[in-house]
Amino acid sequence: MMAATAYSVALLGGARLPAAPRSAALPRRSACQLRLQDAPRLSLLRVKAASEDTSASADELIEDLKAKWDAVEDKPTVLLYGGGAIVALWLTSVVVGAINAVPLLPKIMELVGLGYTGWFVYRYLLFKESRKELASDIETLKKKITGTE
């Protein structure tokens with residue numbers, strides 16, 4: 001405290017700042033000290049350590065992936081789709097970067113996105129009947145994708 005006071009005296013050219021009253025000062029506690037009021041909140045922060053070894057689960061994951069890869073019949077098609085997905089992701093990133101470089105366009109796109117989000121919430125999430133309609137639409141789409149319909 002004395003070094004800070006000496007520094008402020010030297011910095012201000014001899015003028016001293018008024019000292020704060022002791023009652024206004026914050027109580028000093030170390031990081032290890034806890035109040036009794038903090039105890040209920042701390043009980044929420046308990047974490048249980050995992051008893052299993054992570055390397056064993058990583059080995060199981062690798063073995064599972066190998067088994068799934070061996071079960072694939074048309075490997076070139078899967079690789080083509082995977083490569084196409086990576087190229088599409090890269091191309092999307094390039095397009096978004098180009099749009100972001102135009103001065104006013106990102107703000108307009110943000111406004112359009114906020115407007116669409118508001119419309120979606122009003123149309124599908126606000127009322128119980130519309131939520132049921134959305135759930136049935138999602139189930140129908142899942143059945144079309146998996147081919148069970």
Side-chain angles (χ1 to χ4, degrees), residues 1-8 10-11 17 20 22-149:
M1 184 71 181
M2 292 299 283
T5 305
Y7 178 73
S8 64
L11 185 64
L17 296 174
R22 230 18 215 161
S23 62
L26 295 174
R28 294 185 180 203
R29 294 187 318 188
S30 71
C32 296
Q33 291 177 331
L34 296 174
R35 296 180 300 191
L36 290 177
Q37 296 90 357
D38 294 337
R41 281 188 260 159
L42 291 176
S43 65
L44 297 174
L45 299 176
R46 288 189 188 139
V47 178
K48 291 184 179 180
S51 61
E52 61 190 58
D53 189 18
T54 57
S55 64
S57 63
D59 291 338
E60 291 172 8
L61 177 67
I62 291 171
E63 291 299 321
D64 189 36
L65 287 175
K66 283 181 184 178
K68 286 183 180 180
W69 179 250
D70 291 338
V72 172
E73 293 177 9
D74 199 10
K75 291 181 173 100
T77 304
V78 172
L79 291 175
L80 186 65
Y81 282 148
I86 290 171
V87 168
L89 185 65
W90 170 78
L91 188 61
T92 304
S93 173
V94 169
V95 169
V96 168
I99 288 173
N100 201 22
V102 177
L104 193 58
L105 203 52
K107 295 296 179 185
I108 293 171
M109 297 298 271
E110 185 176 336
L111 188 61
V112 168
L114 285 172
Y116 183 77
T117 302
W119 173 82
F120 185 85
V121 167
Y122 177 75
R123 171 68 176 90
Y124 289 112
L125 302 178
L126 208 53
F127 305 108
K128 187 175 184 176
E129 297 84 24
S130 60
R131 286 193 298 268
K132 287 181 182 178
E133 179 187 347
L134 178 64
S136 67
D137 288 346
I138 290 173
E139 288 300 319
T140 304
L141 183 63
K142 282 183 190 177
K143 288 178 182 177
K144 283 183 182 177
I145 290 173
T146 57
T148 58
E149 186 175 290

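Just so it is clear, the structure is predicted and the values come from calculations on it, not from any experiment.
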Kindly indicate, with the supporting measurements, whether the criterion salt bridge (Lys or Arg N to Asp or Glu O under 4.0 Å) is fulfilled by E129 and K132.
CA-CA 5 Å; E129 297 84 24; K132 287 181 182 178; over 6 Å; no
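Side-chain contact between V72 and T77 is absent, with no heavy atoms from C-beta onward closer than 4.5 Å. The shortest side-chain heavy-atom distance between Y81 and D74 does not fall under the 4.5 Å cut-off.
A distance-only check finds a donor-acceptor pair linking the side chain of T117 to the backbone of G113 [under 3.5 Å].
Among residue pairs with one or both ends in residues 104-125, those qualifying as salt bridge (Lys or Arg N to Asp or Glu O under 4.0 Å) are R123-E133; sequence neighbours excluded. For the salt bridge (Lys or Arg N to Asp or Glu O under 4.0 Å) condition, no pair includes a residue of residues 89-101, sequence neighbours left out.
Remark: D64 engages K68 in a salt bridge, criterion side-chain N to carboxylate O under 4.0 Å.
Contact detail for L126 and R131: the closest heavy-atom pair is O-NH1, 3.5 Å. Across all non-hydrogen atoms, the minimal contact from L125 to S130 is N-OG, 4.2 Å.
Taking CG from L134 and CD from E139, the interatomic distance works out to 10.5 Å, rounded to the nearest 0.5 Å. Atom OG of S57 is separated from atom CD1 of I62 by 10.0 Å, given to the nearest 0.5 angstrom. Remark: I145 CD1 to T140 OG1 distance equals 11.0 Å, nearest 0.5 Å.
With a 6.0 Å radius and a threshold of 12 heavy atoms from other residues, nucleotides or ligands, K75 has its NZ atom above the threshold.
Taking the six-membered ring for Trp and the full ring otherwise, Y116 and W119 have centroids separated by under 6.0 Å.
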